[in-house]
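Values in this document were obtained by computation on a predicted structure and should not be read as measured data. All residue numbers in this chain count up from 1 along the given sequence.
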Amino acid sequence: MESNLNSLGTRFGRLTDIIIESIPGIIGGIILLILGKYVIGFVDRLLHKRFEKKQVDPSIRAFISSIVKIVMWVMLLLTVASQIGIQTTSFIAALSAFGLAVGMALQGSLSNFAGGVLILMFRPFEVGDYISSANGTAGTVERIDILYSTLIGDDGVRIFSPNGPLANSVIKNYTKIVQRMFEYTITISYDKNVKDAKEIILRVLRSNENILASPEPTVFVKELGDNSMVLTVRAWTKREYYWPARNSMQEKIMLELERNDISLSSNPTQISIVSNSNDQGLSKGQV
């Protein structure tokens, strides 16, 4: 009985010694925790001020602030634990392995996240803009999220485009321009007077109030084929009148040429649609 009491007293004494020896580390850890909490708050406020000054999108502000705060809190807690005397090497190794596994599993999502950050920061397009990209995405932007951007296509279908491929492709923004150019390629027979055809086409273009006088419309011979000649028709219009002008002019030119006995060749007429010098063709088709 007496030996058990002596053993218990020895263990209690060792525990007391350990606690006494740990007091400086505990006090230092508490001080570090208080100072670290103040530093994290200061950095968070500084980030918010920078975001407001740069007019960063609110959705990305909250996300980046949360990531920064989490990283800083993890670093602070590890530092406090080390100050107290807790071994953190194994914990850091396990945390690194976990982060690597998560990163590998979410590789595609991380790429989309990085693309969303770039889009929200540099703003190549905004909600309401009509865009097209080299990866085949085209439509009016309805929403920009961290991982996906939502567009409404010409046929009304909602398109969810991953931000990673979208940010890494060539993006054409048709809303940011003031005026656009459309282009028709018309094929007529050699037995027709090309001068008369050009004058008729120019007269039709100039009669439309939506066609700009400057830059002025142009018609020229693009190619001399085996059985026909190819005329290129170019005209400029304001961005908001692009579709009405482009669609109406095609039919009016055809009807006016036929009315003046200048029929189109039996070969398919190629129509190319071009905007301005910085915004080349959107599509090509046959009529």
Side-chain angles (χ1 to χ4, degrees), residues 50-51 53-68 99-185 215 232 234-247 250 270-287:
R50 294 294 297 177
F51 287 152
K53 184 177 180 180
K54 297 293 184 179
Q55 296 182 345
V56 179
D57 191 271
S59 59
I60 198 173
R61 293 184 195 179
F63 191 86
I64 293 180
S65 296
S66 299
I67 293 295
V68 172
L100 179 62
V102 171
M104 293 293 291
L106 300 178
Q107 186 175 3
S109 297
L110 291 175
S111 173
N112 291 335
F113 166 73
V117 171
L118 292 175
I119 290 172
L120 290 170
M121 288 185 65
F122 294 102
R123 297 180 179 273
F125 56 85
E126 299 176 357
V127 173
D129 290 354
Y130 186 90
I131 66 169
S132 69
S133 65
N135 63 7
T137 301
T140 302
V141 180
E142 182 184 50
R143 182 184 177 93
I144 305 174
D145 293 316
I146 289 295
L147 299 180
Y148 290 86
S149 292
T150 307
L151 291 78
I152 304 297
D154 295 332
D155 53 0
V157 175
R158 183 171 277 106
I159 303 168
F160 297 93
S161 178
N163 285 333
L166 186 61
N168 290 324
S169 66
V170 177
I171 299 174
K172 297 180 181 180
N173 192 323
Y174 295 91
T175 303
K176 299 301 183 185
I177 58 177
V178 177
Q179 58 191 26
R180 292 180 63 182
M181 183 187 75
F182 59 84
E183 180 180 289
Y184 301 143
T185 305
T232 295
R234 291 177 179 172
W236 292 80
T237 182
K238 291 184 178 180
R239 183 197 66 218
E240 57 269 27
Y241 301 131
Y242 174 78
W243 290 108
R246 174 246 176 197
N247 293 335
Q250 179 181 338
Q270 300 290 330
I271 296 181
S272 302
I273 306 163
V274 185
S275 53
N276 59 19
S277 59
N278 295 322
D279 177 26
Q280 296 301 316
L282 176 61
S283 63
K284 291 187 177 181
Q286 285 190 341
V287 298

CZ-CD1 distance between Phe125 and Ile144, expressed to the nearest 0.5 angstrom: 5.0 Å

message: Applying the side-chain hydrogen bond (donor to acceptor under 3.5 Å, both in side chains) criterion to Tyr130, which one of Thr140, Asp154, Asn173 satisfies it?
response: Asp154

message: Any heavy-atom pair between the side chains of Pro215 and Gln179 that's under 4.5 Å?
response: yes

message: To the nearest 0.5 Å, what is the distance between CZ on Arg239 and NZ on Lys176?
response: 9.0 Å

query: Looking at Leu151 and Ala138, what are the two nearest heavy atoms and their distance?
result: CD2-C, 4.1 Å

query: About how many Å separate CD1 of Ile171 and OG1 of Thr137, when rounded to the nearest 0.5 Å?
result: 9.0 Å

query: Which atoms form the tightest heavy-atom contact between Tyr184 and Ala245, and what is the distance?
result: OH-O, 4.1 Å

statement: In this structure, CG of Asn135 is separated from CG of Asn168 (nearest 0.5 Å) by 9.5 Å

task: Please name the pair of heavy atoms, one in Pro162 and one in Pro165, separated by the smallest distance, quoted to 0.1 Å.
output: O-CD, 3.5 Å

- prompt: Could you give all pairs that pass the salt bridge (Lys or Arg N to Asp or Glu O under 4.0 Å) test and reach residues 135-144, with sequence neighbours left out?
  reply: Glu142-Arg158, Arg143-Asp145

- prompt: Taking all atoms of both residues into account, what is the closest heavy-atom pair of Pro124 and Ile119, and its distance?
  reply: CD-O, 3.6 Å

query: Quick one: CG on Leu147 to CZ on Phe113, what's the gap to the nearest 0.5 Å?
result: 8.5 Å

